[in-house]
Amino acid sequence: MRNLPLDSDDTGCDTDREKPVLQIEDLAIQIGGSAARPVIRNVSYDIKPGETLCVVGESGSGKSVTSLAIMGLLPDALRSCGGRVLLDGEDVLKASPARLRELRATRMAMIFQEPMTALNPAETIGRQIDEVLRIHTKLGRKERRRRVLAMLESVHLPDIERIYDAYPHQLSGGQRQRVVISIALILRPKLLIADEPTTALDVTTQKQILALIRELQQKHNTAVLFITHDFGVVAEIADRIVVMNSGQVIEVGTREEILAHPREAYTRMLVSSVPSLVPKRREAERNEVVLDVCGLSKTYADKRLFRRGRPVAAAQDVNLTLRRGEIVGIVGESGSGKSTVARCIVRLLDPTSGTIRIHGSDIAQTSRSHLRPFRRRIQIVFQDPYRSLNPRVKVGDAVVEGLLNFGTPRDDAMAKAKNLLRTVGLDEEAIHRYPHQFSGGQRQRICIARALALEPDVLVADEAVSALDVSVQAQVLRLLDEIRERTGIAVLFITHDLRVAAQICDGIVVMQNGRIIEAGPAEEVLTAPRQAYTRTLIEAAPGRGWDFQNFRPLQIDSAKPADAMQPKQIH
Amino acid sequence: MLAYVVRRLLATLPVIVMVAVVVFAMLRLTPGDPAAIIAGNDATAEQLQQIRQSMGLDKPIYQQLIQWIAQLLQGDLGVSLLSGTPVLGMIGDRMGPSLVLAISTITLTVIIAIPLGVTAAWRQGRLLDRAIMTLSVFGFSVPTFVIGYLLVYLFSIQMGWLPVQGYRPLSDGFGPFAERLILPVLALSTVYIALIARITRSSIIEVMGEDFIRTARAKGANEHVVLMRHALRNAAVPILTIIGIGMASLISGVVVTESVFNLPGLGRLVVEAVLARDYPVIQGLILLFSFIYIMINLAVDLLYPVFDPRIRY
Amino acid sequence: MPSSANHAPAETNTELMNGPSLSLQDAQYLAPSLLAQLISALRSVPALVAFVVIVTVVLVALLAPFLGTVDPVAIDPASRLSRVSAEHWLGTDAFGRDTYSRVIYGARVSLLVGAGATLMSLVLGVLIGVIAGYFRTADAVVMRIMDGIMAIPSILLAIALVSLTGGSLLTVLAAITIPEVPRVVRLVRGVILTVRTEPYVEAAISLGTGTPTLLVRHMLPNTIAPLIVQGTYIFAAAILIEATLSFLGAGLPPEIPSWGNMMSEGRMYFQLLPGLILYPGVLLAATLLSVNVLGDVLRDVLDPKMARKS
């Protein structure tokens with residue numbers, strides 16, 4: 001796939017001779033007009049035609065800000081305060097607003113993270129793409145329409161005449177991202193900036209979009225600046241990699257240099273934090289069953305006037321068991337019903353039918369008031385660490401809330417809270433502080449401590465590490481594993497990320513469209529999937545041919561049918 | 001689309017019924033004998049009995065409610081206690097000046113307020129924006145009747161340019177008709193212009209923060225296009241909503257303005273009825289104004305799909 | 001469908017806004033010392049001016065008897081409709097009552113009505129709003145009634161209520177309060193419905209926290225900031241509605257020296273003595289203006305989300 005002439009090998013000898021499309025030299029960006037320390041400093045990198053440069057970094061690393069600076073789209077609060085950004089030799093930092101507008105879409109174009117909101121909801125797809133041609137060309141109406149339709153065709157959208165007249169809300173996320181790509185590439189710019197373009201998409205859609213970008217890039221020899229936090233994607237598509245942290249470039253190198261031989265400690269830490277798709281081997285637990293879900297279903301009545309409510313099944317006939325000390329993962333794409341199941345099990349939702357037995361007692365239909373004694377047996381940790389803690393309640397009070405509800409005296413509860421905070425790796429003085437004084441990872445630790453305070457039998461982790469940076473994610477996963485070892489708690493781990501599941505789960509349940517389609521020990525499901533959908537999911541996981549923790553291609557052969565997205569070879 | 005229209009129509013029914021029930025309940029839930037409340041303190045027993053009969057107050061409450069709704073469905077708003085004429089007929093006689101006042105005000109408002117709001121949003125944070133916003137706070141803080149009297153003081157008493165008050169129908173010629181309308185419309189528009197300019201500004205500013213605006217800029221669109229084509233259209237729904245909701249204050253404003261300028265419209269009729277304790281007329285007018293208000297908001301709802309294709313079921 | 005995972009949204013969404021050194025969430029969830037925020041709100045010039053005006057009006061209302069006033073209801077047929085003089089600083093009205101004293105005492109009436117109606121509509125609104133938002137069974141009925149009340153233009157509703165009950169301070173207060181209640185109900189219900197699905201509330205539910213604690217500790221504090229803002233606007237609206245009602249002759253009894261009553265009585269003599277309307281009118285406008293400016297400033301500080309919306 002990667003053998004076009006301009007796409008040279010990764011040592012970069014060929015491309016070195018070519019003039020870069022974009023050169024960034026010592027770029028600095030500051031907040032407002034203040035003379036404060038710049039938020040971006042000494043950023044330098046360049047991209048050559050046909051090259052894919054991945055800028056990776058954790059949140060707050062400044063990777064997106066840099067890309068907006070290139071487009072001249074920095075928010076008002078930020079402005080560049082030094083350095084040069086040369087696009088084809090022209091410094092865009094010095095360009096007039098009119099000149100910048102001329103350059104956009106013609107020389108440089110950008111696609112964004114959120115396809116759902118990136119398109120104007122009040123205009124048809126055709127008009128929105130057409131607008132680029134109207135702004136930058138003098139083509140007639142017929143010719144413009146022809147060009148737009150051709151573009152829609154080249155991003156492989158079906159039924160292009162219909163899509164031309166459709167509104168964004170009538171398209172799926174993946175289709176909308178294709179439209180955004182059409183807008184960006186219709187005038188064949190030399191530089192395409194892709195800012196986390198697949199982060200909001202499911203893995204299978206992500207795979208298709210990555211393939212599409214690659215295809216169009218090769219057709220037009222476009223330079224792609226790809227911003228991402230996902231090392232899987234990086235391993236998949238990068239020619240060269242820029243690692244950023246705290247507004248600075250940490251390291252620049254070819255894909256192999258960064259992934260296999262990182263020079264900087266930060267890069268090493270980052271790369272080795274990426275969980276591997278290879279499941280850990282663990283002895284099967286034969287402890288007693290603590291949670292037994294049987295035939296669980298949740299249907300929503302779609303209330304409509306004049307029409308019989310068409311019931312929508314968010315979860316159907318879900319069966320699973322969880323033993324003491326076991327971690328079972330529920331994986332699936334968005335809309336698969338995995339969160340519905342989790343929320344039914346902790347009874348934040350009322351299941352339509354089925355049983356949920358905790359230590360033998362069924363709580364599926366228990367009324368809210370009788371549920372209370374069972375609440376302490378099962379606890380939940382949510383995805384978003386910023387919204388999981390009441391900003392007005394001190395950490396200590398948050399952790400003891402459950403204990404106080406069940407009658408523990410306050411002093412005892414506080415003593416226990418201190419203990420728990422130490423367990424999750426925080427200082428016990430944290431009890432006196434408010435949530436806003438902690439980082440996302442620390443807050444997630446606090447949430448875990450709060451959930452553990454009642455000594456539940458089951459912990460439901462609903463995408464509990466999905467919002468965390470990869471390095472923090474690794475720490476929280478380790479913490480969960482430790483807690484399981486020490487307390488024998490059973491964990492139901494809901495995630496969209498197969499890597500994370502592989503890292504921590506003993507058993508894996510795969511869901512699709514509200515149903516379980518495959519279940520079994522993690523190793524079996526991930527290495528020898530029985531269902532086609534499971535295989536599709538595994539194959540769509542980006543960078544699965546690379547063993548990040550060991551800085552080398554994956555040795556053992558697991559689940560690797562030859563497919564188009566196989567990572568290219570590294571010499 | 002048709003389903004949407006039908007759905008919106010049906011959704012207004014309960015509100016209309018609720019308004020009727022609230023108006024019905026107001027009289028009955030007020031402590032004391034409703035007939036005595038209506039007739040006042042120095043009514044004779046005969047008068048009381050007559051009021052009870054004519055308004056059906058002698059029947060059980062549920063029968064009264066059913067009768068009340070049934071009458072309303074037939075368009076029967078009752079009979080004035082003072083003149084004995086049907087309330088509906090009185091409304092018809094006094095409709096003209098109020099309609100003229102309201103329609104001129106809305107037209108003037110939309111013509112002035114939306115460009116003002118767009119301009120303010122475009123110059124957000126700059127001097128022009130601050131000037132417009134300051135004027136707007138003044139506009140909706142100063143009560144309509146104070147503005148009315150200030151205008152009269154300036155233009156009629158001091159300058160002598162326009163008549164102090166009064167109304168002439170259009171049939172008396174456009175000049176006399178228009179010169180008596182200028183000040184009332186100006187006085188009434190002020191609040192409304194201020195309100196809608198503010199909403200237009202803040203709606204546009206909110207839309208300007210959306211992702212698709214960034215997409216438009218990334219296309220190389222200039223700020224004018226971004227503002228007028230992408231932002232204004234998407235801000236239309238909240239602006240329309242406020243125009244609809246603002247009708248309530250417009251109606252209140254009509255009552256006040258007609259009193260200040262002595263226009264013989266429905267607003268004046270309300271005040272006359274209050275002073276004469278003519279409760280059936282008050283009731284009828286409240287129902288009428290609420291009905292108009294609900295219908296305008298229904299019309300606004302039905303306009304939504306024109307601006308936002310997502311609202312189309 | 002309540003679908004699951006957003007893929008690492010916190011990661012990228014926040015980055016653009018904040019850069020490395022600050023975080024959006026931090027700014028949003030800063031431990032809310034309400035008082036400190038309120039004080040910081042007064043740093044802008046218009047806010048300060050508005051604040052000074054309001055404090056002045058309050059002081060004037062409190063100190064009315066000591067500000068060189070005479071009895072505001074004392075009738076003096078000998079000096080009817082007199083112009084500005086040493087004895088009557090702003091002249092007298094048709095009954096010979098001292099305009100200056102009446103304007104000063106009028107501040108008392110306005111503030112009293114404003115504060116009373118605001119307090120009553122907030123209390124009622126929060127109660128009903130909590131019932132509608134938290135106890136979902138009551139929601140449909142309660143909200144239909146609120147819709148019904150809101151569909152009646154508030155001045156008309158107030159006029160009707162006053163005309164039924166006769167104008168007294170209490171009935172006017174009630175007539176002003178009732179139309180405002182649905183607005184508070186909607187606000188509180190909206191906040192509760194939103195907060196219900198916040199993970200920290202769901203976490204509290206799973207911790208077995210009971211309804212009273214859930215409401216008082218985790219939900220209602222979220223309504224405080226918007227309620228302060230809304231309260232300011234209701235305060236202004238109440239003053240305006242009282243003045244309007246009295247102006248139309250459907251408000252407080254005519255002997256009470258309220259600004260609206262004064263303007264109502266001044267109408268007949270407007271061409272002769274415009275001051276009878278203009279003095280109370282200007283004071284009324286200045287008070288309303290200050291309250292609204294303060295409301296805007298409070299909104300910008302306390303409720304940035306609402307600031308963008310309305």
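Chain letters run A, B, ... following the sequence lines, proteins first, then strands; residues in each count from 1.
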One should read off an interatomic distance between C/Thr209 OG1 and A/Arg375 CZ, to the nearest 0.5 angstrom, of 9.5 Å
Does any N or O in the side chain of A/Asn405 come within less than 3.5 Å of the main-chain N or O of C/Leu207, such that one atom is a donor and the other an acceptor? yes
Ranked by heavy-atom pairs below 4.5 Å to chain C, first place among A/Asp397, A/Val346, A/Ile29, A/Val381 goes to A/Asp397
Assert top hit (heavy-atom pairs under 4.5 Å, partner chain A, pool C/Pro199, C/Gly210, C/Ala204) equals C/Pro199
Output for pair (C/Tyr200 OH, A/Arg443 CZ), nearest 0.5 Å, gives 12.5 Å
_A/Phe406 atom CZ, over 12 foreign heavy atoms within 6.0 Å_ = yes
Rounding to 0.5 Å, atoms CD (C/Glu202) and CG (A/Leu349) come to a distance of 8.0 Å
Closest non-hydrogen contact found for C/Arg217 with A/Val393 is NH2-CG1, 3.4 Å
With sequence neighbours left out, the residues meeting salt bridge (charged side-chain N to carboxylate O under 4.0 Å, His left out) with A/Arg41 are none
Most contact-rich option vs chain C, by heavy-atom pairs under 4.5 angstrom, among A/Arg372, A/Lys394, A/Arg347, A/Arg376, is A/Arg372
Heavy-atom nearest pair, C/Ala203 first then A/Phe382, reads N-CE1, 3.7 Å
Value for CD1 (C/Ile205) from CG (A/Leu371), rounded to nearest 0.5 Å, stands at 10.5 Å
Tell me if a side-chain donor or acceptor on A/Gln379 pairs with a main-chain N or O of C/Ser206 at a distance below 3.5 Å.
yes
